[in-house]
Student: 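I'd like to ask you about the structure that follows.
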Amino acid sequence: MLTRFLIHVVALLFVFYVVWGIRGGVLWAAVVMALILGLVNAIIRPVLLILTLPVTILTLGLFVIVLNALLFGLSFLVLQGIMNVHFVVGFGLILIGYLIYVIVSTVLTHVVH
């Protein structure tokens with residue numbers, strides 16, 4: 001479980017560095033965002049998946065990517081409120097950041113396990 005958490009922290013550090021161009025002082029921000037993202041995915045995501053089921057069926061499951069990116073953005077907004085860090089990001093950068101986060105965490109998970 002700790003290994004999986006560290007994988008997500010490393011993936012978030014990669015996203016902070018590559019997508020948003022943040023160079024230093026983001027280790028704690030990545031740790032806090034990983035915790036927030038875990039809570040959001042455990043509490044809010046299941047409810048939203050059920051509520052958006054008709055749209056997800058109509059789009060053949062592609063809406064789940066948009067929903068996950070929105071939850072990633074929500075976690076980022078909560079992080080900005082907690083850590084007092086401010087980055088100007090739109091939905092496009094949130095979507096790109098989410099996709100990179102998923103790819104990096106998947107690759108690291110397969111490398112470690």
Side-chain angles (χ1 to χ4, degrees):
M1 188 160 157
L2 179 64
T3 308
R4 191 161 178 84
F5 178 74
L6 291 175
I7 287 171
H8 289 289
V9 169
V10 169
L12 284 169
L13 285 171
F14 187 78
V15 169
F16 286 166
Y17 184 78
V18 171
V19 177
W20 293 308
I22 306 164
R23 299 291 188 254
V26 295
L27 180 61
W28 285 110
V31 169
V32 171
M33 183 153 171
L35 290 171
I36 294 168
L37 197 57
L39 287 173
V40 166
N41 282 336
I43 297 169
I44 298 173
R45 187 173 181 263
V47 174
L48 289 179
L49 282 176
I50 292 171
L51 291 175
T52 60
L53 189 60
V55 176
T56 304
I57 291 171
L58 285 175
T59 61
L60 302 176
L62 292 177
F63 187 72
V64 173
I65 295 171
V66 173
L67 182 65
N68 287 339
L70 288 173
L71 292 175
F72 189 75
L74 174 68
S75 301
F76 193 69
L77 287 175
V78 172
L79 173 73
Q80 286 183 342
I82 292 175
M83 296 290 292
N84 197 19
V85 291
H86 299 287
F87 313 112
V88 178
V89 291
F91 181 72
L93 284 178
I94 292 289
L95 183 63
I96 291 169
Y98 168 72
L99 293 174
I100 291 174
Y101 167 75
V102 168
I103 292 169
V104 170
S105 64
T106 302
V107 168
L108 287 176
T109 300
H110 287 300
V111 167
V112 170
H113 292 113

Student: Would a single hydrophobic cluster contain both Leu99 and Val18, if residues Ile, Leu, Val, Met, Phe, Trp and Tyr are joined by side-chain heavy-atom contacts under 4.5 Å?
Tutor: yes

Student: With Val78, which of Leu39, Val40, Ile36 fulfils side-chain contact (heavy atoms from CB on, under 4.5 Å)?
Tutor: Ile36

Student: Which residue in the set Ile50, Leu37, Asn68 passes side-chain contact (heavy atoms from CB on, under 4.5 Å) when paired with Arg45?
Tutor: Asn68

Student: Could you check if a side-chain atom of Phe72 sits within less than 4.5 angstrom of a side-chain atom of Leu12, using non-hydrogen atoms only?
Tutor: yes

Student: Can you find a heavy atom in the side chain of Leu79 that is under 4.5 Å from one in the side chain of Val32?
Tutor: yes

Student: Hey, what do you get for CG (Leu53) to CG (Leu48), rounding to the nearest 0.5 Å?
Tutor: 12.5 Å

Student: For the residue pair Ala69 and Phe91, what are the closest heavy atoms and their distance?
Tutor: CB-CE1, 4.3 Å

Student: For the hydrophobic clusters of this structure (ILVMFWY residues joined by side-chain heavy atoms under 4.5 Å, transitively), does one cluster hold both Trp28 and Leu13?
Tutor: yes

Student: What distance do Ser75 atom OG and Gln80 atom CD have between them, rounded to the nearest 0.5 Å?
Tutor: 11.5 Å

Student: Less than 4.5 Å apart, side chain to side chain, heavy atoms only: is that true for Met33 and Tyr101?
Tutor: no

Student: Output the distance between atom CG (Leu71) and atom CG (Leu49), rounded to the nearest 0.5 Å.
Tutor: 8.0 Å

Student: Please determine whether residues Val64 and Val55 belong to a single hydrophobic cluster, defined as Ile, Leu, Val, Met, Phe, Trp and Tyr linked transitively by side-chain heavy-atom distances below 4.5 Å.
Tutor: yes

Student: Around atom CZ of Phe14, are there more than 12 heavy atoms of other residues, nucleotides or ligands at under 6.0 Å?
Tutor: no

Student: I need the Ile7 CD1 to Thr109 OG1 distance, nearest 0.5 Å.
Tutor: 4.0 Å

Student: Any link between Tyr17 and Ile94 through a network of hydrophobic side chains (Ile, Leu, Val, Met, Phe, Trp, Tyr) touching at under 4.5 Å?
Tutor: yes

Student: If we only count heavy atoms from C-beta on, is the Val66 to Leu95 side-chain gap below 4.5 Å?
Tutor: no

Student: Quick one: CG on Leu74 to CD1 on Ile44, what's the gap to the nearest 0.5 Å?
Tutor: 5.5 Å

Student: Is there side-chain contact between Phe63 and Leu58, with heavy atoms separated by less than 4.5 Å?
Tutor: no

Student: Val15 and Gly97: which non-hydrogen atoms are nearest, and at how many Å?
Tutor: CG2-O, 3.5 Å

Student: How long is the span from the CG atom in Leu70 to the CD1 atom in Ile65, to the nearest 0.5 Å?
Tutor: 12.0 Å

Student: Given the rule that I, L, V, M, F, W and Y join up when any side-chain heavy atoms are under 4.5 Å apart, are Phe76 and Phe5 in one cluster?
Tutor: yes

